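Okay, so here's the structure we're looking at.
These numbers come from a predicted model, not from an experiment.
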Amino acid sequence: MLTFDDVVKRRGAREVLSGVTFRAEPGRVTAFLGPNGAGKSSTLRILLGLDRPTSGRALVDGRPYLALRRPLGVIGSVLDGSGAHRSRSARQHLAWVARSNGIPRRRVGEVLEQVGLTDAARVRAGRLSLGMGQRLGLAAALLGKPRALVLDEPVNGLDPEGIRWIRRLLRSHAEAGGTVLLSSHLMTEVAELADDLVVIAAGQVVAAGPLDAVTAGHPTLEDAFFALTGGAS
Amino acid sequence: MTAAVAGAVDAVAAELRKVLTLPATLGALVVAVLGPVALAALTASQNPRGSAAEAALAAEPLVMVGAIVLGVVAVSSEYGGGRQIASTFAAMPRRPAVLAAKAAVVAVLVAAAAAAAFPAALLAARLVAGPGPDADGVLGRAVGGGVYAVLTALIALAITVFARSGVVPLVVLVANGSVVSVSFLLYQVTPLARYLPDLAGMRMVAGEDRLAIDDALAPVAGGLVMAAWTAALLAVAAVVLVRRDA
Ligand SMILES: Nc1ncnc2c1ncn2[C@@H]1O[C@H](COP(=O)(O)OP(=O)(O)OP(=O)(O)O)[C@@H](O)[C@H]1O
Ligand SMILES: [Mg+2]
């Protein structure tokens with residue numbers, strides 16, 4: 001379970017997050033929705049211990065990320081792109097990530113296969129297409145067989161086949177009891193996938209709950225999104 | 001094995017893999033090892049009556065250039081070319097341990113390069129022009145040169161943590177070591193400048209007669225002063241890493 005408890009983030013004079021509180025439960029796919037600049041990435045970075053909250057806290061199974069030993073066996077994440085240095089090959093990147101968490105070397109080949117990058121294993125990360133970079137990021141997230149997956153706009157750059165593939169992957173991860181938290185701008189993109197929605201606008205959670213409860217009373221998913229985030233329709 | 005030791009082993013092994021799979025590392029090692037060999041051979045060929053040992057010692061600055069590149073790249077590669085830093089801290093959230101692992105890997109590589117470069121440069125100079133006259137304290141100065149290179153690499157590593165990019169630290173450090181030394185300029189203003197890291201450690205490498213300043217610190221004392229600077233800069237870098245958003 002991932003919990004956000006009154007997370008506030010100030011950058012200079014601006015408050016980027018104002019008391020973000022929600023949970024992502026095991027066995028469910030939670031979609032974190034909001035327009036550009038709403039604070040989705042900022043929230044996820046705080047969960048992953050990359051940025052420090054001004055106040056409040058974010059916990060992974062009740063513990064701060066920074067307290068996790070070998071975190072990749074507990075939670076896998078993809079922020080933007082592959083997260084690999086551009087002059088390293090996919091295999092080299094995954095090899096150091098695996099070693100850093102004491103993950104057996106054979107997992108590298110397994111995850112490359114799982115994300116469909118076996119043939120591109122020796123290609124430098126800088127030469128991978130946008131979608132292939134996303135797949136490499138996902139491969140790194142899957143290395144430690146974590147129970148929780150956190151993905152910032154995972155569909156970005158994927159082709160239709162890739163989108164269908166990642167949806168199935170995330171669904172089955174949740175159905176096996178895992179926790180999935182993913183961000184997106186598009187309600188339609190997550191409608192078939194998500195169990196729960198958390199909608200954020202201007203640094204504040206404006207709606208949270210099961211998908212049908214959050215979207216109830218709106219003619220279309222798009223209308224729901226605009227109504228909740230206060231955007232033009 | 002305790003958890004802390006296991007974590008440190010994981011971090012060092014991961015950082016070693018990272019450094020060894022960067023093309024810039026290979027370039028730096030080539031400069032640090034083959035550079036002195038070529039320079040020593042060149043010096044010996046132009047001055048066949050000179051001391052081969054002095055020719056080899058005079059080629060040490062190229063080890064330094066390689067060392068600076070290794071130190072800088074170990075950190076700058078995290079920030080340029082794909083912002084790998086998020087992957088690094090997601091995998092290893094204990095940031096001081098990551099810094100320590102990087103420092104250990106860089107120190108070992110630079111020490112190995114220096115240990116290979118000096119005998120190879122000496123051999124090259126002797127092959128070109130024969131041994132020539134003896135030089136003073138050759139072994140001590142060769143070891144001192146290695147220590148100086150390791151400390152310089154670690155200072156470069158710490159400074160790159162502050163800069164989060166390789167360009168400025170590379171230019172400043174390489175220029176400071178070759179074109180014009182900021183510390184040497186400061187020394188014209190105050191003799192206290194001899195306690196600055198690059199001047200403090202100078203006598204580890206250079207013979208007393210070859211220094212541009214006349215009251216330089218003795219080799220061991222100077223080396224300790226330089227090591228203290230290095231430790232302090234690494235400690236500040238660790239604090240900065242922990243406090244700063246990745
Ligand atoms: N490093 C930073 N320095 C300053 N401001 C930042 C930084 N990162 C994000 N912000 C600001 O914080 C706010 C939230 O940004 P964030 O990236 O979290 O939004 P987002 O919901 O992920 O947007 P998008 O959908 O475009 O990815 C924005 O106003 C952004 O300008
Ligand atoms: Mg974002």
Side-chain angles (χ1 to χ4, degrees), chain A residues 9 11 41-42 44-54 60 64-89 91-103 105 124-126 128 133 136-137 140-141 143-144 146 150 152, chain B residues 1-28 73-102 105 164-166 239-246:
Chain A
K9 177 70 177 177
R11 290 191 186 276
S41 301
S42 302
L44 300 183
R45 290 176 62 83
I46 286 170
L47 174 71
L48 300 172
L50 297 172
D51 293 354
R52 279 154 44 113
T54 306
V60 179
Y65 196 96
L66 298 183
L68 300 176
R69 238 182 58 72
R70 294 186 165 173
L72 301 187
V74 179
I75 175 169
S77 56
V78 191
L79 293 182
D80 48 2
S82 67
H85 188 277
R86 84 170 106 71
S87 60
R88 259 193 273 282
S89 73
R91 179 177 290 283
Q92 287 171 336
H93 174 69
L94 294 171
W96 80 252
V97 174
R99 187 61 198 84
S100 72
N101 275 244
I103 296 165
R105 191 63 196 277
R124 291 181 170 202
L128 295 175
L136 175 55
L143 265 179
V150 172
D152 197 4
Chain B
M1 229 175 3
T2 67
V5 174
V9 170
D10 284 349
V12 170
E15 291 301 329
L16 182 63
R17 254 176 207 290
K18 272 195 214 172
V19 165
L20 291 181
T21 49
L22 276 181
T25 301
L26 200 66
V73 162
V75 174
S76 67
S77 61
E78 298 283 353
Y79 294 96
R83 286 201 60 87
Q84 181 186 247
I85 192 75
S87 306
T88 295
F89 288 153
M92 299 177 280
R94 294 198 172 87
R95 299 183 186 185
V98 173
L99 185 70
K102 282 186 186 295
V105 165
R164 272 186 281 191
S165 141
V239 171
V240 166
L241 272 185
V242 167
R243 299 231 168 139
R244 192 168 64 192
D245 285 348

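Counting heavy atoms from C-beta outward, B:Y79 and A:H85 have side chains that stay 4.5 Å or more apart. You'll find the side chain of B:S87 reaches within 4.5 Å of the side chain of A:H93, heavy atoms only. Side-chain contact between A:L66 and B:R94: absent, with no pair of heavy atoms (C-beta onward) separated by less than 4.5 Å. Using a 4.5 Å heavy-atom cutoff, the side chains of B:S77 and A:R86 are not in contact.
Here the closest non-hydrogen pair linking A:R99 and B:A14 is CG-N, 4.0 Å. Minimum heavy-atom separation, B:F89 to A:Y65: O-CE2, 4.2 Å. The minimum heavy-atom distance between A:L79 and B:A86, with the atom names listed, is CD1-CB, 4.3 Å. The shortest non-hydrogen separation linking B:L22 to A:S87 is CD2-OG, 3.9 Å. Across all their heavy atoms, A:R124 and B:P23 have their closest contact at NH2-CG, 4.0 Å.
When heavy atoms are compared at a cutoff of 4.5 Å, A:A140 does not approach chain B at all. With a 4.5 angstrom heavy-atom cutoff, A:A125 does not touch chain B via any of its atoms. If you measure heavy-atom distances from A:S100 to chain B, the contacts under 4.5 Å come from both the backbone and the side chain. For A:L68, the part lying near chain B is the backbone, with the side chain staying farther off; criterion is any non-hydrogen pair under 4.5 Å. Both the backbone and the side chain of A:L50 come within contact range of chain B, with heavy atoms under 4.5 Å apart.
B:Q84 and A:R88 form a side-chain donor-acceptor contact under 3.5 Å, judged by distance and modelled atom types alone.
The greatest number of non-hydrogen atom pairs below 4.5 Å with chain B, out of A:A95, A:G126, A:S77, is found for A:A95.
Other residues, nucleotides and ligands contribute over 12 non-hydrogen atoms within 6.0 Å of the CZ atom of A:R69.
Salt-bridge annotation for A:R11 and B:D245: present, with a side-chain N of the basic residue lying under 4.0 Å from a carboxylate O of the acidic one.
For the side-chain contact (heavy atoms from CB on, under 4.5 Å) test with A:W96, the passing option among B:T88, B:L16, B:L20, B:T21 is B:T88; the others fail.
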